[in-house]
Every structure is written in structure tokens, then in C-alpha cells.
Amino acid sequence: MVAKESRNTNERVYAGQVALLYSNAPVPYLVALLNAILVLYVESLQTSFRALLIWFACLTLVTLGRSALVYRYMANSRTSESSVFWGRSYLLGTFLSGIAWGAVPLFLFPDTLVHQTVIALVLAGMALGAISVHAARMEDVLAFLLPVLLPLSAQFYLRTGELGQVMAPLVLLYLVVVTIVAWNTHRMVRSMLLLRFERQDLLSRMELDKRKADQLNSQLLAEIEERRRMEVYLRQAKEAAEAANHAKSVFLATMSHEIRTPMNGVLGMLELLLQTDLSSRQWHLADTAQRSGQALLAIINDVLDMAKIEAGRLEMENAPFDLHALLEDISALMLEQAKIKGLAAKFDVPVEMPQSVQGDPGRLRQILLNLLDNAIKFTDQGEVQVSLRIHERQRKTIALWFAVDDTGIGIAPEVQARVFESFTQADETTTRRYGGTGLGLAICRRLVHLMGGEIGVESRVEAGSRFWFTVKLAIDAEQTSDIDAATAPELQQDTAHAFYAKVLIAEDNPINQELLRYMLEQLGCRVDAVGNGAEALDALGREMYDMVLMDCQMPELDGLSATRQVRQRELGAGTEPTPIIALTANAMAGFREQCLAAGMNDYLTKPFRQTQLQKILARWLPTQGSSSRMAT
């Protein structure tokens, strides 16, 4: 009986997976054709147009065949036995589509680097999109990923030159990462299907029990027993829902770590590459790759933030911070971005603005930078301005009013009412021209509401926009309201320093280890590196270091446990504590507090830039002089 129930469950899960595949299919097919047109355009000057037409015709035939299969599936009644046929048919169509896209690097690969990059990005995007479309079954994911990415990696490997030799393993690494993400997504989908079927079974049993209770209304004892059974079922449903919510939180943490770790290597290496002697064309390509990586990271952060908000897992920090220093940092970034586009940038901060306030500086920074990024992105000429005013002031709290003005394309009145909704932009033309996910403003609205404020927009088409918001912050009651103008934010960038210190890196990822070594050596540090917490303990037992950069997730002994042992050893020996900085790709709320509770002094989230690392070193290391720990 148990084996029969297990078989029935597996058949239902399989049928549900097939149904998900077919329901997700139509829109991706259209996207695939649009990408094919893009490839046709990119390759038109590089490859035989006849060959391109043959390839496009083949891909179109495959897509039409898959569309016809979807139509037949939707039009026909289905049983558990027929699901096997529909699943195999879908798998065959997916494999044929993968072969068609894999033919691009095999037979139509261009000779110029720019066109190769475009083709690689298109295929990478297709592979990433395959996760959401095919993740219900791993065989469908692999049937598309392997024919697409393996030929691309092989083509790069066969190409002469250093870039080809680097891109080949990067494509394979991307294949591994995408496969891991797909596997995690697949497990979540399967778990959700099992939960749905269990809920359906539970409802069916509850309905059956209700009918029995109606039939046996005269039997009071049976009615009481039935109520008890219903309570058990409801408790089981609640426990199942709590387990699903926990699984979602674990998935978010895993996604954050698995994506941010390789992104740290990509963005960090590109930053170091841009600091070397490059030709103008090489610098442009590297700069484009870095900006694309930063855009991808912004999308990842938006998606993770929105997922945390929807799951109710987003926690707001409540800590004192320097408002002037925060505005300085934001102004420096604003001036740099505006300068690239040739825009004028203004930052209007009154001198009576308080300096020490309490709240969540990271989320306030996120809101401002999101609005500034939008203002600069949608403005081709003119200026961008940030204004700050005191909206309301009481003895212990202050309400601040921020406004970001631009002279950009503006927003139509009928669109303004929904710009703060998820996945919303002005129109499809805006999306194609400027890109973006449409999540930024939705996240801003949620964050502003969590900070006790409101957000709105005022705009006219082709005349610019003003996005404004208010937030409530705690303030020191004894702080005077009249701040000397000399103490107002000067909005200047930090100057570079040289650090004469010996630093130990504890990092299990070779790429991130190499990246940290390069960055630290450029800042004047002497560097040793180990691969796990146990090796870090051995190194600290042999030599003295001015600082330890400790990754939190490592094999054998993780960074948190290693830090606790270091602090116990220092306490027993009565020695001065060594500054230990946490390195982690975990961006979930509360993890920073775990690091500090373990004895770490500070926290650096991957991916990070060299300027962020420099600020950490400036906070904990001496500059332009000999370290107290280094041998003379």
C-alpha cells in the first residue's frame, strides 16, 4: 500500500512538473525568437547571410513545432499515463532548441571580440532564462544548457589568445553555477508540488470527514473525534507552511552566497584590470564588462530584496550613524556618475541639518542611490539635483524630506500611479532602451514605509521628474539645531593611503584569494593566505599579523568558529586582540550580528570594491608608517 501511494504521488508530481513546463512555455518562445533576430543582426556582417537564414529558419521551425505541441497539450484532456508522452515530447523539443542555439558558436561564431561578446551574453542570458522556464525538471534544464554552453566553451578554448583561454573556463564555471541554481530551484518546485498535493489530499480527507460527521450527527462521540482529527490536520498544515517558509529563507541565503561569491571575483578582477596599462579599446571593453556586472549585481540585489520583503524576512537596522558622512558618500558617487554622462549635479543640504541620527543607514542609502540611478539613467542632458529639508522636528525624532529632481524624459500621468508597483516601467520602449527589472521603485516604497515615511512622484513628459520621500529618524535630544556652516558636508572623496601592515587572508575560493592578495599588495600590505579556518589558526600560532580577513564559510573549520578559538587563545595568553574582518557573501539580515558576536571586529560583504577594502583598512590599520606588529 505504501509503495502504491508513493508511486501515485510520483506520478502526480511528474504530471504537475509537465504542466508547469507547458504553462511557462509561450512567452519564452517569443523571447527566443527575438534573441534569434538579435543574433541575426549581430552576425549579418560577420557570417554568410545564407547560413544565417538557414539557421534562423531551422530555429523558427523548432519554435513553431514546440508552440504547436503546447497548443495540443492545452487542447487535449490529460491523464497520468499521457503525461509521460507530453513530458518526453517537451524534452525532445527543448533538446532540439538547445542544439539550434548551440550551432551558433559551432558554425556561426564571429571573428571580432565585440560580436563574440554579444553572442556569449545572448547565450548566457538564454541559459539563465532556462532556469525559470525548465526548472520543473532537471533533464529539461540540462537538455538545453549542455548543447548551448559546452560548444561556446569549446569555441572559446579553440580560439587563440589569452581572452579565449580565460573565457572557456569562465563559461564552464557559469554552466556549473547555473546548474546549481537550477537544481536548487528544481528542488523548491518539487517541494511546492508535494506540498500542494498534500494540501489537496488534506482537503479531500477533511471533506470526507465532514460528510461522515453529517451522516453520524446523532453520534456525539464520533463528532468530537472528528473535530480532533481536523485540529490535527490544521496543525500539520501550519507546520508544513512554516517549513516551506523556512525553506524559502534557506534558499535566499544560499542564492545570496552562491551568486555573490563568483560576482566578487568577476567585479574585483575587472576593477584591478582597469588599473593596469590598457589600450583605449581594451579599457572600454573591460569598463563595459564591469558596468554590466554591476548592473547584474543590482538586479540580483533587487530580486533578493523583493523576495525577502515578500517572505517577511526583511529586518530594519536601528543604529546611530553620521548623516553628513552618508550624504558625502552618496554625493561623491552621484558626481562621478553624472560626470560620465556630461550632466550637472547639485546637492542641496542646509547647514542646520543634524549630524548624529539613528536608524538604518544602509536602507536610506539604498533608497537615495536607487532614485539617483534612475534620474541619471533617464536624463540625457541637463542636470540632476538632490534636495534635503527638515520636514518635521520633535524632541526625540526628526522627519526628513528628500527630493531627487532631473531634466530627463519624464513620466506620463497615466503611468505615475503605478510606477511603484513591482516589474513596472513606463512602457516597453523604455524597457528596451534603458533596461531594468522594474523592482527598484517598488523596493523603495516598501523601505520608505518601513522607515515610517511616504514616497511620491511629480513629473511631466519631456520636462523631467521629481521623486520625493520622507523618513523618520531618532535624534539626540541634546543636539543643537544650529550647526556651524563649517561642519556641513564638504562632499569630498577620500585620499588614498599606503598601509604598512602584515595581513592574513583566510579564504577557500582561489579566485577571491588571489583578488584580495592583489588589492592588498597594491595598498602596501604584506600578505599570507590560507584556505580554511584550521590553517588560519596554525598561521596565527606561528606569526603575528596586523589583521585577518576571515571568510565565514570555509571547509573543515568555518570563519565564525575559527574566530571564537582565536579570541579564546588571546584571552588565555593575555595578548592584544588581532583585528578580524568578516568576509561573507551572505547578505541576509542578522548575519552581521552573528559575526560580531563571534568576536569579529568588522564586516565586508561580497562583492566589494577596492575603495571599500581601503576604508576597512583605514579603520583598523596604521597608514604611512611601520606597524606595531611587523618586525622591524
Side-chain angles (χ1 to χ4, degrees), residues 110-121 124 153 156-157 159-174 260-298 332-333 335-342 493-505 507 509-529 547 549 551 581 583 585 604-618 621 623-624:
D111 295 325
T112 62
L113 180 60
V114 173
H115 292 84
Q116 291 175 6
T117 303
V118 173
I119 295 302
L121 290 176
S153 177
F156 273 122
Y157 180 78
R159 296 271 166 169
T160 59
E162 293 181 357
L163 182 60
Q165 299 302 316
V166 171
M167 287 299 296
L170 283 179
V171 172
L172 291 178
L173 177 62
Y174 181 76
R260 289 172 182 270
T261 295
M263 284 297 294
N264 183 58
V266 172
L267 294 177
M269 288 299 185
L270 285 171
E271 181 181 3
L272 293 178
L273 178 63
L274 287 170
Q275 297 174 9
T276 61
D277 294 331
L278 301 173
S279 68
S280 59
R281 178 175 177 80
Q282 290 171 333
W283 188 93
H284 174 72
L285 294 175
D287 181 63
T288 301
Q290 186 187 46
R291 286 188 283 107
S292 299
Q294 291 170 344
L296 176 59
L297 178 63
L333 293 173
L335 292 173
E336 179 181 352
Q337 294 178 15
K339 182 179 179 181
I340 294 175
K341 291 194 67 174
Q493 296 183 357
D494 294 335
T495 57
H497 294 288
F499 300 91
Y500 300 95
K502 189 171 184 179
V503 180
L504 175 65
I505 300 171
E507 167 66 67
N509 186 288
I511 295 177
N512 285 327
Q513 191 179 103
E514 182 180 5
L515 171 65
L516 279 167
R517 181 185 293 275
Y518 287 157
M519 286 184 172
L520 289 169
E521 288 176 349
Q522 283 189 351
L523 294 172
C525 298
R526 294 167 52 197
V527 180
D528 290 334
M547 175 180 285
L549 297 176
D551 185 30
I581 310 302
L583 296 175
L604 191 58
T605 305
K606 303 173 186 175
F608 53 84
R609 303 186 65 177
Q610 191 172 27
T611 53
Q612 296 172 286
L613 178 62
Q614 179 180 327
K615 289 181 179 180
I616 291 291
L617 267 61
L621 290 180
T623 61
Q624 300 178 351

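Remember, predicted model here, so these are calculated numbers, not experimental data.
For the side-chain hydrogen bond (donor to acceptor under 3.5 Å, both in side chains) test, residues two or more places apart in sequence or in another chain that qualify with E514 are Y518. For L121, the side-chain contact (heavy atoms from CB on, under 4.5 Å) test picks out T117, with sequence neighbours left out. For Q282, the side-chain hydrogen bond (donor to acceptor under 3.5 Å, both in side chains) test picks out S279, with sequence neighbours left out. With sequence neighbours excluded, the residues that form a side-chain contact (heavy atoms from CB on, under 4.5 Å) with L285 are L113, V114, R281. A search for side-chain contact (heavy atoms from CB on, under 4.5 Å) contacts involving T276 returns L273, L278, not counting sequence neighbours. In terms of the side-chain contact (heavy atoms from CB on, under 4.5 Å) criterion, residue partners of A124 (sequence neighbours excluded) are, by chain and number, Y174.
Note that CG of L173 is 11.0 Å distant from CE of M167, once rounded to the nearest 0.5 Å. How far SG of C525 is from CG of L617: 5.0 Å, rounded to the nearest 0.5 Å. Residue K606 holds its NZ atom at 6.5 Å from CG of N509, rounded to the nearest 0.5 Å. Here the CD1-CZ distance, from I616 to F499, works out to 10.5 Å after rounding to the nearest 0.5 Å. Interatomic distance, L516 CG to Q610 CD, rounded to the nearest 0.5 Å: 10.5 Å.
In this structure, A168 and S153 approach most closely via the heavy-atom pair O-OG, 3.0 Å. Taking all atoms of both residues into account, the shortest heavy-atom contact from R517 to D528 is NH2-C, 4.4 Å. Shown here for L274 and A286, the closest heavy-atom pair between the two residues is CD2-CB, 3.6 Å.
Within the 3.5 Å criterion, the main-chain N or O of D551 finds no donor-acceptor partner in the side chain of E507. Between the side chain of Q522 and the backbone N or O of M519, no donor-acceptor pair lies under 3.5 Å.
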Verdict with reasoning, L549 to L613, per side chain to side chain contact (heavy atoms under 4.5 Å, CB included): CA-CA 10 Å; L549 297 176; L613 178 62; 4.2 Å; yes
L583/N512 under side chain to side chain contact (heavy atoms under 4.5 Å, CB included): CA gap, chis, key distance, verdict: CA-CA 10 Å; L583 296 175; N512 285 327; over 6 Å; no
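Counting heavy atoms of neighbouring residues, nucleotides and ligands inside a 6.0 Å radius, atom CD1 of I511 does not exceed 12 of them.
The shortest distance between side-chain heavy atoms of Q612 and T605 does not fall below 4.5 Å.
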